[in-house]
Amino acid sequence: MSLRKYISNKTIAALAVIVTVFGTTSAFAQEAAAGAAATAKPIDMFPIYKSAAFYTLLFLLLCLFIAIVGKAMRVYELTREAQDKPAGINWNTINGVLFVIFLIVGLYGVYFEYTVHGNMLLPEAASEHGKKIDQMFNITLILTTIVFIGTHLVLFLFSYFYKNTGKRKAYYYPHNNALERIWTIVPALVLTVLVLMGFLTWRSIFYKIEDPNNKPLSIEITSQQFAWTIRYPGADGVVGKKNYKLITGTNSLGMDFKDKNNLDDQMAEEMVIPVNKPVRLILTSKDVLHSFYMPHFRVQLNTVPGMTSYFEFTPTITTAEMQTKVNDPAFKYLFYCSKICGSGHYNMQKVVRVVSQAEYDAWVVKQPKFINNDLRKQFGLPTVPDAAAPAAAPADSTAKKPAKDSSAVAMNKPALKK
Ligand SMILES: [Cu+2]
C-alpha cells in the first residue's frame, strides 16, 4: 500500500484520531492526578487568569474547536451529496433560529445595561444648568432606545419568519418614493429637534445675563503636568493678571505683582464654593491641553495653553446634602483632568466642597496669600515683617480696591506692551 493510500484509508485515519485523543487525554489525566497527589493544596490559578497568554490560548482553542466542528459538518454534507441523499442539515432554519436567539440575548443585554449599569450612573446634577443637560441626555436616550428596539425586532424577526423554505419566491421591490420620504423626513425632524435643543442649552450655559444682585465668584484654575492650582481673588473679588514670562521657582503662576489685584489673591488646596451662588471659573493651562471636569456638576471644558476659557455655573446641592442623597457619608465632589495629558494624568484631581455662604466666608479668610517677601523684593514692593503667617487678617492696604469686573485676567498683555 502506498503512503497516500495509507493516509486516505478511512478506517486507519479514524483509528489514528481515536488513539491520539485517548492518549493525550489519559496522559493529561495522569499528570493532573499526580500533581494533585503531590501538592495537597490547590494550585493558585489567579495569576494565570490575569495573563494575556491564557486568554490568547483560550481564544485559539475556541477557533480550533469551531474549525473542527465546521470541517466535520462539511465532511458529513459531502458524504451525503456523494451518496445522492438529500441535504442533512437545513441551514436556513438554523440561521433563522440563530437570528431569534441573537435577538433575545441582545435584548436581555440591553435590559441588563439599563438596570445593572444604569444604577452606576452619576447622581442627579448638582448644578442649575446640569438639570438641562440631564434632560437632554434622557430625551435622547429614550428616543434612541425606542428606535433601537423597534428596528432590531423588525430586522431579526423578519429574518426568522421570511427565511427561505423553498416554497416562496422573493418579491422584486426596487423602489418606493413614499417610503424614501418617510425614512428621510422623520429622522431629519427628530435630529433637528435634538440639535436645536443642544444649541439652545449651550447658549443658555455660555451666554448668561449677569444678575447684578448675585455676581459670580471668580476662581482661577491653572492646569499643569500633573497638578491643579486653585486661585481665589481675595477681598477685591478680582483675580490679578499673570504672564507666563514671569514664571519662576517662587512665582509658579507668573503673577504680575505690579497689578494690585494680585496682592490679595489666595491659594487653596481644595475648591470650596457657596451653594446657590454663581461661580465663574477662569481656566488656563501652563503646558499642554488638559480638561477641567466636574462630573457631578456637568461641567467640562478644556484648559488651553496661551488662552483663557470661562465656565459659569451655580451649584445647587451642598456636599452634606449629596451625602444624604447618595446615602454615603464619605461622598466627596471631585474635579478631574479628563484629557490624557501624560503619565501622571490619573493623579490630577482635587476635592470640591459645596457649603453654605457662612461656612464659605469663614473658610476663605483662612486661605494663605500667594505673595511673600521673596516676591515683594522681586517686584520692588515693601516687605512685611511677618510674611510667613497665612493671611487671616484683612488684605494689604495696597490691595484695597473696589470690586470691578473679574475679567481682569488678561494673560501676556502687560509683557507685550513693555
Ligand atoms: Cu491633565
Side-chain angles (χ1 to χ4, degrees), residues 126-130 205-206 208 210-211 214-224 227-242 252-255 259 261-286 290-304 307-319 332-338 348-357 359-371 390-391 395 399 401 403-411:
S127 63
E128 245 167 40
H129 77 276
I205 295 169
F206 280 91
K208 278 207 183 85
E210 203 173 280
D211 176 5
N214 199 9
K215 284 210 167 186
L217 160 70
S218 290
I219 301 172
E220 185 199 64
I221 309 282
T222 308
S223 59
Q224 72 185 84
W228 296 103
T229 312
I230 307 175
R231 176 153 73 126
Y232 276 78
D236 61 0
V238 184
V239 176
K241 283 176 190 153
K242 62 181 189 178
S252 64
L253 290 179
M255 287 158 73
D259 175 18
N261 294 326
N262 269 320
L263 297 174
D264 63 348
D265 285 5
Q266 294 160 296
M267 56 179 133
E269 268 314 299
E270 52 180 0
M271 192 204 279
V272 177
I273 44 180
V275 72
N276 293 327
K277 187 173 167 70
V279 176
R280 188 165 188 259
L281 297 169
I282 304 164
L283 303 166
T284 63
S285 182
K286 268 170 79 175
H290 298 265
S291 190
F292 179 85
Y293 180 40
M294 279 169 108
H296 296 98
F297 302 89
R298 317 293 191 255
V299 170
Q300 184 179 23
L301 201 66
N302 282 358
T303 63
V304 188
M307 140 177 191
T308 311
S309 358
Y310 304 92
F311 198 118
E312 196 182 308
F313 73 103
T314 308
T316 50
I317 303 173
T318 64
T319 301
K332 273 180 192 154
Y333 291 123
L334 290 168
F335 73 82
Y336 308 84
C337 175
S338 67
M348 285 182 73
Q349 60 175 50
K350 273 194 185 292
V351 174
V352 180
R353 261 194 317 126
V354 182
V355 296
S356 68
Q357 182 71 48
E359 278 173 272
Y360 169 77
D361 292 339
W363 172 86
V364 77
V365 291
K366 287 187 205 138
Q367 302 314 303
K369 282 190 212 167
F370 264 92
I371 198 158
K401 197 183 167 195
K404 266 199 303 185
D405 188 1
S406 55
S407 63
V409 186
M411 287 173 73

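Residues: numbered from 1 along the sequence shown.
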Taking C-beta and beyond as the side chain, do [X] and [Y] meet within less than 4.5 Å on heavy atoms?
| X | Y | answer |
| --- | --- | --- |
| Tyr333 | Arg353 | no |
| Ser309 | Phe292 | no |
| Ile317 | Val354 | no |
| Met294 | Leu334 | no |
| Trp228 | Thr303 | yes |
| Val364 | Tyr232 | yes |
| Ser285 | Ser223 | yes |
| Ile205 | Arg298 | no |

query: Heavy-atom count around Glu269 CD within 6.0 Å, excluding the residue itself: above 12?
result: no
With distance as the sole criterion, is a donor-acceptor pair present between the side chains of [X] and [Y] under 3.5 Å?
| X | Y | result |
| --- | --- | --- |
| Thr284 | Thr308 | no |
| Ser338 | Gln300 | yes |
| Ser252 | Lys286 | no |

For residues [X] and [Y], report the shortest heavy-atom separation together with the two atoms involved.
| X | Y | answer |
| --- | --- | --- |
| Thr314 | Pro278 | OG1-CA, 3.6 Å |
| Phe206 | Leu301 | CZ-CD1, 4.0 Å |
| Lys369 | Leu263 | CD-O, 3.4 Å |
| Ser218 | Pro233 | O-CD, 3.0 Å |
| Asp265 | Val238 | OD1-O, 3.4 Å |
| Thr316 | Ser127 | OG1-N, 3.5 Å |

task: Could you tell me if the ring centre of Tyr293 sits under 6.0 Å from that of Phe335?
output: no
Backbone of [Y] reached by a side-chain donor or acceptor of [X] within 3.5 Å:
| X | Y | value |
| --- | --- | --- |
| Asp264 | Asp236 | yes |
| Gln367 | Ala268 | no |
| Lys332 | Lys350 | no |
| Asp259 | Gly240 | no |

field: Cationic tip of Arg280 above Phe311 ring, under 6.0 Å, 45° of axis
entry: no
field: Verdict with reasoning, Ile219 to Ile230, per side chain to side chain contact (heavy atoms under 4.5 Å, CB included)
entry: CA-CA 7 Å; Ile219 301 172; Ile230 307 175; 3.8 Å; yes
statement: Output for pair (Lys366 NZ, Asp361 CG), nearest 0.5 Å, gives 11.5 Å
query: Can you check side chain to side chain contact (heavy atoms under 4.5 Å, CB included) on Thr229 and Ile221, steps first, answer last?
result: CA-CA 6 Å; Thr229 312; Ile221 309 282; over 6 Å; no
field: Verdict with reasoning, Leu253 to Arg231, per side chain to side chain contact (heavy atoms under 4.5 Å, CB included)
entry: CA-CA 10 Å; Leu253 290 179; Arg231 176 153 73 126; 4.0 Å; yes
message: Under the criterion side chain to side chain contact (heavy atoms under 4.5 Å, CB included), I'd like the reasoning laid out for Tyr336 against Met348: C-alpha separation, chi angles, the key distance, then a yes or no.
response: CA-CA 6 Å; Tyr336 308 84; Met348 285 182 73; over 6 Å; no
task: Any pair with a residue in residues 307-319 that passes salt bridge (charged side-chain N to carboxylate O under 4.0 Å, His left out), sequence neighbours left out, goes on the list, sorted by first then second residue, please.
output: none
